Amino acid sequence: MAASMYIVVEGEDPGFDIFVNGRSLARHEDALEKLALNLGVRPLIEFFSADENSMALLIEEGAGDQELLRKLPPPQWYPPADGLKTVQALLQALRDDPQQLGTEGKQVLSELREYAEVLEKARDREMRWHLAVSWR
């Protein structure tokens, strides 16, 4: 099953499209984490927060248990500016050499650009966000 890392914005309807197909980002998460640490920024995965929706999906698919859902900490929300700092640092580092992530480097770059767009819109509207993971 392919994982995908996507952005969740706080609130019912942010009023803009937040969908990013973060499949390449999910596949290269380890490499991106190392890169972020080398660049001195927070790794994207640190912005992850399990929300009820993504956990409920997992349980539906038989991957989690009901007990877990009850014990979930409340979702954490982060300022978009913090995420942007990471995304922009990664973009800059990869722009010069996308091949450092192998053949999917360009795809990762394009997903990071989409992340940056969503986070800029969230920042302009003063909405907080977190990363979620889907296994669909």
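Keep in mind it's a predicted model, so treat the numbers as computed, not measured. Below, all heavy atoms of this structure are taken into account, side chains as well, without hydrogens, waters or symmetry copies. Numbers here simply count residues along the sequence, with the first being 1.
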Asks: Give the table of side-chain donor-acceptor pairs shorter than 3.5 Å for residues 119-126, with sequence neighbours excluded, one pair per line with atom names and distance.
Replies:
unit_1 : atom_1 : unit_2 : atom_2 : d
R125   : NH1    : K121   : O      : 3.4

Asks: Identify the two heavy atoms, one from S49 and one from P75, that lie closest to each other, and give their separation to 0.1 Å.
Replies: OG-CA, 3.2 Å
Asks: Test side chain to side chain contact (heavy atoms under 4.5 Å, CB included) on T86 and L35 and set out the steps.
Replies: CA-CA 10 Å; T86 295; L35 185 56; over 6 Å; no
Asks: With sequence neighbours excluded, what pairs up with R42 under the salt bridge (charged side-chain N to carboxylate O under 4.0 Å, His left out) test?
Replies: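 Result, salt bridge (charged side-chain N to carboxylate O under 4.0 Å, His left out) vs R42: E46.
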Asks: What are the two closest non-hydrogen atoms of L84 and A116, and how far apart are they?
Replies: CD2-O, 3.7 Å
Asks: Measure the spacing between CG of L112 and CG of L91 and express it to the nearest 0.5 Å.
Replies: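 Reported to 0.5 Å precision, the distance equals 5.0 Å.
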Asks: Please test E33 against L37 for side chain to side chain contact (heavy atoms under 4.5 Å, CB included), starting from the C-alpha separation and ending with a verdict.
Replies: CA-CA 6 Å; E33 183 173 4; L37 292 170; 4.3 Å; yes
Asks: Listed by chain and number, what are the salt bridge (charged side-chain N to carboxylate O under 4.0 Å, His left out) partners of E10, not counting sequence neighbours?
Replies: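 With sequence neighbours excluded, E10 shows a salt bridge (charged side-chain N to carboxylate O under 4.0 Å, His left out) to R128, given in chain and number order.
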Asks: Pairs in or reaching into residues 87-104: which pass side-chain hydrogen bond (donor to acceptor under 3.5 Å, both in side chains), with residues at least two apart or in two chains?
Replies: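 side-chain hydrogen bond (donor to acceptor under 3.5 Å, both in side chains) check on residues 87-104 returns S24-E104, R27-E104.
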Asks: Distance from M5 atom CE to L131 atom CG, nearest 0.5 Å?
Replies: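 Reported to 0.5 Å precision, the distance equals 4.5 Å.
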Asks: Considering non-hydrogen atoms only, spot the tightest contact between F16 and V9 and give its length.
Replies: CZ-CG2, 4.4 Å
Asks: A36 and P43: which non-hydrogen atoms are nearest, and at how many Å?
Replies: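 That would be CB-CA, 3.7 Å.
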Asks: Can you tell me how far CG of L94 sits from OG of S110, rounded to the nearest 0.5 angstrom?
Replies: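 Reported to 0.5 Å precision, the distance equals 12.0 Å.
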Asks: Excluding sequence neighbours, so at least two apart, what forms ring pair (Phe, Tyr, Trp, His ring centres under 6.0 Å) with F47?
Replies: Y78, W129
Asks: Search all heavy atoms of V20 against all heavy atoms of Y6 and return the closest pair with its distance.
Replies: O-CB, 3.9 Å
Asks: Tell me whether H130 contacts the main-chain N or O of Q76 through its side chain, where contact means a donor paired with an acceptor under 3.5 Å.
Replies: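 The answer is yes, because a donor-acceptor pair under 3.5 Å joins these two groups.
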Asks: Measure across L90 and L32 and return the closest heavy-atom pair with its distance rounded to 0.1 Å.
Replies: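 Reported closest heavy-atom pair: CD2-O, 3.9 Å.
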Asks: V8 and W77: side chain to side chain contact (heavy atoms under 4.5 Å, CB included), yes or no, with the steps?
Replies: CA-CA 9 Å; V8 178; W77 298 100; 3.8 Å; yes
Asks: Measuring from I18:CD1 to E117:CD, what's the distance to the nearest 0.5 Å?
Replies: 13.5 Å
Asks: Checking V41 against V87 for the side chain to side chain contact (heavy atoms under 4.5 Å, CB included) test, could you report, in this order, the C-alpha distance in whole Å, the side-chain angles of both residues, the deciding distance, and whether it holds?
Replies: CA-CA 9 Å; V41 292; V87 170; over 6 Å; no
Asks: A side-chain contact here means heavy atoms from C-beta on lying under 4.5 Å apart; do L109 and R113 qualify?
Replies: yes
